[in-house]
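What you see below is based on every heavy atom in this structure, not just the backbone, and it leaves out hydrogens, waters and symmetry mates. Proteins get letters first, then strands, A, B, ... in listed order; numbering begins at 1 in each.
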There are 4 protein chains.
Amino acid sequence: MSTQTVPAEPRWQRRKQARPGELLEAALAIFTERGYIGTRLEDVAARAGVSKGTLYLYFANKEELFKAVVRQGLVTPLEEMRDKVETFDGSAADMLRLVVRGWWLRIGATAHAGSPKLMIAEAANFPEIARFYIEEVLLPVHQTLARLVERGVARGEFRPVDAGQVAHLIAAPFLVISAWRHGFGHAIPDRLPALTDAPALLETHLDLLLRGLAPVPAGPAGH
Amino acid sequence: MSTQTVPAEPRWQRRKQARPGELLEAALAIFTERGYIGTRLEDVAARAGVSKGTLYLYFANKEELFKAVVRQGLVTPLEEMRDKVETFDGSAADMLRLVVRGWWLRIGATAHAGSPKLMIAEAANFPEIARFYIEEVLLPVHQTLARLVERGVARGEFRPVDAGQVAHLIAAPFLVISAWRHGFGHAIPDRLPALTDAPALLETHLDLLLRGLAPVPAGPAGH
Amino acid sequence: MSTQTVPAEPRWQRRKQARPGELLEAALAIFTERGYIGTRLEDVAARAGVSKGTLYLYFANKEELFKAVVRQGLVTPLEEMRDKVETFDGSAADMLRLVVRGWWLRIGATAHAGSPKLMIAEAANFPEIARFYIEEVLLPVHQTLARLVERGVARGEFRPVDAGQVAHLIAAPFLVISAWRHGFGHAIPDRLPALTDAPALLETHLDLLLRGLAPVPAGPAGH
Amino acid sequence: MSTQTVPAEPRWQRRKQARPGELLEAALAIFTERGYIGTRLEDVAARAGVSKGTLYLYFANKEELFKAVVRQGLVTPLEEMRDKVETFDGSAADMLRLVVRGWWLRIGATAHAGSPKLMIAEAANFPEIARFYIEEVLLPVHQTLARLVERGVARGEFRPVDAGQVAHLIAAPFLVISAWRHGFGHAIPDRLPALTDAPALLETHLDLLLRGLAPVPAGPAGH
DNA sequence: TATGAATGAGGATTCATTCAT
DNA sequence: GATGAATGAATCCTCATTCAT
């Protein structure tokens with residue numbers, strides 16, 4: 001009666017092993033799809049296979065969960081890409097191709113692609129998170145791209161251009177693709193086919209970036 | 001007291017003058033800032049200087065208000081631009097410049113620029129509205145741009161390219177600028193200066209579109 | 001200039017001649033159909049062909065309108081019937097037939113039949129009106145019927161019975177018919193056909209009242 | 001502090017025990033008193049001793065709660081009565097007495113008696129509910145009564161009559177009693193005493209049904 | 001008189017958060 | 001740790017009432 005040695009029925013086998021990682025994954029998916037206010041914690045919990053109350057064991061409240069999603073879900077994959085770019089030693093044009101195609105493989109085709117859409121939607125509501133996102137995500141990416149352009153100019157591969165501006169223009173289609181895949185595409189998947197085939201669109205993007213529309217003979221930056 | 005000729009001052013000046021236009025303007029601003037769900041109709045009403053109930057005299061419910069915002073705020077200015085493009089008879093390159101600069105003047109610099117951000121945020125939650133937006137806004141714009149590209153190719157001004165894809169690439173920076181101005185820019189206005197100076201960014205965009213990054217002598221599409 | 005003889009534009013021709021009677025009629029119809037709370041003054045106004053504001057020229061508020069409806073709409077037709085009964089000098093059985101058939105012609109088949117349903121629904125919410133209705137409508141009707149029964153008993157036409165109770169039993173089908181015509185019948189008109197043919201039902205009612213179900217040879221009260 | 005053996009008193013007794021049954025009971029009372037629209041869910045919750053939100057754990061919305069009230073409150077007791085009648089094997093007259101007295105015991109004297117009043121009030125506003133009520137309550141009751149009458153006719157106990165019509169006439173006083181107890185009676189409990197003593201009224205009803213008002217010697221259906 | 005735009009209190013419903021188990 | 005029933009603040013929407021014209 002006193003020393004309750006062995007529990008007759010091991011209840012814990014039913015436990016869900018709800019580690020924060022799974023919760024964040026579920027949260028990212030739903031935050032991305034519905035936005036911050038549109039996300040119901042009950043749905044996040046259900047998707048993670050736990051109960052509502054369990055979320056509160058790991059995150060103080062909805063806002064903290066949101067911040068954790070942005071922090072954990074975005075920074076890591078980008079850091080990997082940056083490292084690759086910095087250590088690359090081919091031509092600037094090849095580096096550009098590497099970046100654009102790499103973005104698709106590492107981010108664009110994954111769940112992470114939803115985050116730009118999410119941040120665009122919520123930045124105004126969560127200035128603190130927006131600041132964090134700018135510092136930790138946007139600026140590093142922008143710097144990497146700008147340095148890439150500067151290197152191309154320095155090597156004579158590229159015309160002299162404003163690297164900061166060009167960096168934005170390189171990244172712009174990422175946003176478009178992200179928005180389509182996680183926003184409109186949901187509504188009508190096949191209405192703008194050119195957008196659905198993201199890899200082809202990115203190839204055209206590379207082609208235009210390097211050669212432009214004008215029909216002059218390609219320079220040394222050619223394919 | 002007898003001959004009551006003409007009332008010197010019209011009383012109706014005291015009225016609230018709550019015309020739909022003002023309501024839409026207020027709604028656009030708040031929808032853009034906070035998203036669909038985050039927008040409280042009471043705030044919209046307050047911003048327009050009327051009471052909650054007044055909104056319902058003009059719009060059946062929140063969703064109808066939202067649709068009206070999208071319709072009135074976007075379709076009209078876009079139609080004007082389209083007309084201009086269709087009747088333009090200069091070179092394709094000049095037409096491209098007209099479009100890009102026109103977008104900035106007509107939309108990008110105005111409150112309308114918030115709508116892409118708004119739609120990106122809400123498309124997944126409101127497929128019906130997203131469909132409407134795609135049909136009424138995105139497709140027409142895309143078609144106009146694609147036709148412009150086709151015309152350039154036909155005239156020999158442009159290399160043979162996939163017009164549908166290029167149309168998306170022409171428009172991509174619009175999205176970036178819109179997202180910045182109405183999302184992140186709110187949080188840190190001066191952290192990515194190249195984005196803040198949208199007109200300059202768009203000039204670089206035009207330059208890249210026409211000539212690319214490669215340092216070849218400019219072709220006939222030159223400035 | 002002083003004596004403004006003839007008004008250049010006779011605005012008053014557009015006026016609606018909204019006398020209280022028309023308003024009450026419209027109100028009775030809608031109160032009956034939807035109950036007190038369910039009735040929107042806008043609908044009453046629309047049905048009467050006037051504007052919302054006009055109602056307030058004749059009735060202080062919704063409750064006063066309701067009271068006026070009950071007062072004016074019900075008392076008068078009942079008083080007429082009572083007079084007829086009191087001056088009738090045939091047999092009690094014939095008087096009973098007169099009353100039952102008269103109820104149908106004067107009330108059951110008209111808009112007035114809605115009022116019992118209305119009062120049943122609202123009595124608990126408006127005790128004051130209920131009291132008024134009991135005093136002015138129910139009691140007089142009950143008294144008239146009870147007196148009729150007493151007369152039949154006194155004349156040897158009817159068995160000795162509790163006149164007060166029988167009076168209620170005579171009137172009971174009125175309530176059923178009223179409820180059906182103004183309540184359920186709306187939902188499914190043909191699901192209980194015996195109720196739809198109110199005159200036939202009332203004839204059977206008379207037959208049962210006078211002879212009962214038992215198959216004995218009809219006595220002197222026979223048709 | 002160390003050996004925290006067994007909590008002497010189970011904490012769960014403090015729980016609110018908000019089972020649907022209690023909610024339905026509270027809802028029936030208030031719906032009956034104020035009608036559908038007049039009922040505020042907050043009041044229902046308060047009467048059941050729970051909060052507003054709790055109602056929504058058990059019923060999707062007000063209409064579903066209303067339907068559940070009708071269902072649980074009426075269908076079950078009626079089904080019990082029907083079973084009794086169908087398996088009864090005495091005379092039709094005795095069966096009739098069983099039904100009329102049973103109605104009083106099982107329904108008329110209970111809170112369930114409020115539902116006819118409730119449905120009369122709301123049928124026009126909620127055709128769907130009215131349809132449900134007709135199908136689930138009125139028709140079964142009517143059929144049972146009609147079959148009872150047909151049986152009496154077949155056995156030679158009753159004169160040949162229209163069973164459908166007589167069924168309505170048998171049930172009519174139920175409605176009157178229900179309306180009085182839950183409507184007017186509230187306002188003036190003692191103004192129409194014959195109605196207040198429902199059991200006596202029903203006995204007179206039975207007497208009239210079987211023998212009529214005419215003073216002929218009772219037939220074989222006698223007491 | 002008559003109008004109907006404007007108001008805002010009131011009620012249905014949702015969902016983040018708590019807490020007893 | 002994990003659960004999910006219970007809570008109640010917050011928000012959409014309705015409609016009786018007012019009032020400038």
Is D:Y58 near enough to F:dA6 that one of its side-chain N or O atoms lies under 4.0 angstrom from OP1 or OP2?
yes

How many Å lie between CG on B:L55 and P on E:dA5, as a whole number?
15 Å

side-chain contact (heavy atoms from CB on, under 4.5 Å) between A:F59 and A:K67, intermediate numbers included:
CA-CA 10 Å; A:F59 306 97; A:K67 286 182 189 171; over 6 Å; no

How about B:N61 and B:E64: do any of their side-chain heavy atoms sit closer than 4.5 Å?
yes

Are the side chains of C:R34 and C:D43 in contact, using a 4.5 Å heavy-atom criterion?
yes

Annotated protein contacts, base or backbone, on nucleotides 8-15 of chain E with a non-hydrogen cut-off under 4.0 Å, one of B, S, - each
BBBSSBBS

Would you say the side chain of C:L118 lies within less than 4.5 Å of the side chain of C:F66, judging by non-hydrogen atoms?
yes

Side chain to side chain, B:L65 and B:L24, heavy atoms closer than 4.5 Å:
yes

Roughly how many Å is it from CD in A:E64 to P in E:dT17, rounded to a whole number?
10 Å

Are C:I129 and C:M119 side-chain neighbours, meaning at least one heavy-atom pair lies under 4.5 Å?
yes

I'd like to know if the side chain of D:K117 and the backbone of D:T32 have a donor-acceptor N/O pair within less than 3.5 Å.
yes

Whole-Å distance separating the CG atom of D:L23 from the P atom of F:dT7:
10 Å

Integer-rounded Å distance: F:dG4 C1' and D:L57 CG
9 Å

Over 60° means perpendicular and under 30° means parallel, so classify the ring planes of B:Y36 and B:F31, tilted if in between.
parallel

Symbol by symbol from the 5' end, with Watson-Crick or G-U pairs under 3.5 Å, [ ] crossing and | another strand, DNA chain F is .||||||||||||||||||||

